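Taking it in order: structure first as structure tokens, then the write-up.
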Amino acid sequence: MRNLADAIENFIIGELLRDQEDALLVQRNELAERLSCAPSQISYVLSTRFTPERGFLVESRRGSGGFVRIVRMEPKAVHETQKEPTASQLVEHLQEQKLVTAREGALLQYMLHIIDADEKKKKAVLQQAMGLLNSHGRR
């Protein structure tokens, strides 16, 4: 039998692929009910398996109309061409998904422009910046 965390992760990834979208909006309680588990187990999977290092950002809003939005940081067009996106393309994708404002996107683009590093390092810096935004409850 599969681990519950694996089952939750596979379900979420399956939903992202099924809709062929870069974002999935779910309510934690409804998802927990559908998968017959506790909402805290959903939270655990989101915080450990859907991280910026793995190419995902998670936005969570609590309360009566609360939701969880899971966004794939790598645009789906990249999957079609199998070409790795540039750091600049990732910022554009984050703006399209409304994870950063136009102002934040412009600041990130400027930062990437002035940084003296290769694409791999720029992506690492971008992931770290997005992780900080996410961990501070900004997004």
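Here the structure is a predicted model, which means the values were calculated and not measured.
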**OP:** Can you measure from CD1 (Ile70) to CD1 (Ile12) and round to the nearest 0.5 angstrom?
**Re:** 4.0 Å
Original post:
With Val45, which of Asp6, Ile8, Leu4 fulfils side chain to side chain contact (heavy atoms under 4.5 Å, CB included)?
Top reply: Ile8
Subject >> 4.5 Å side-chain heavy-atom contact, Leu94 and Glu104 >> reply: no
Subject >> From CA spacing to verdict: side chain to side chain contact (heavy atoms under 4.5 Å, CB included), Val125, Met111 >> reply: CA-CA 10 Å; Val125 169; Met111 175 196 69; 3.8 Å; yes
Original post:
Heavy atoms, side chains only, cut-off 4.5 Å: are Glu59 and Val71 in contact?
Top reply: no
Subject >> Residue pairs passing the salt bridge (charged side-chain N to carboxylate O under 4.0 Å, His left out) test where at least one lies in residues 112-122, sequence neighbours excluded >> reply: none
Subject >> Gln41 side chain near Leu35 side chain, heavy-atom distance below 4.5 Å >> reply: no
Original post:
For Arg28 and Ser60, which heavy atoms make the closest approach, and how far apart are they?
Top reply: NH2-OG, 2.6 Å
Subject >> Minimum heavy-atom distance Pro39-Ala32, with the two atoms named >> reply: N-CB, 3.7 Å
**OP:** Check Leu112, Leu107, Ile114, Leu108 against Tyr110 for a side chain to side chain contact (heavy atoms under 4.5 Å, CB included) and give me the one that passes.
**Re:** Ile114
Subject >> Shortest non-hydrogen separation from Ala102 to Gln95 and the atoms involved >> reply: CA-NE2, 3.4 Å
Original post:
Are the side chains of Gln27 and Asn29 in touch, meaning some heavy atoms are under 4.5 Å apart?
Top reply: no
Original post:
Does the His93 side chain pair with the main chain of Arg72, one donor and one acceptor, at a distance under 3.5 Å?
Top reply: yes
Original post:
Rounded to the nearest 0.5 Å, how far does CD1 of Ile13 lie from CZ of Phe56?
Top reply: 5.0 Å
**OP:** Rounded to the nearest 0.5 Å, what's the gap from CZ on Phe11 to CD1 on Ile42? Could you check?
**Re:** 8.5 Å
Original post:
With a 4.5 Å heavy-atom cut-off, do Phe50 and Glu9 have their side chains touching?
Top reply: yes
**OP:** Could you tell me which residues satisfy side chain to side chain donor-acceptor pair (under 3.5 Å) with Ser47, sequence neighbours excluded, listed by chain and number?
**Re:** none
Original post:
How close do Pro85 and Lys123 get, heavy atom to heavy atom, and via which atoms?
Top reply: O-NZ, 2.5 Å
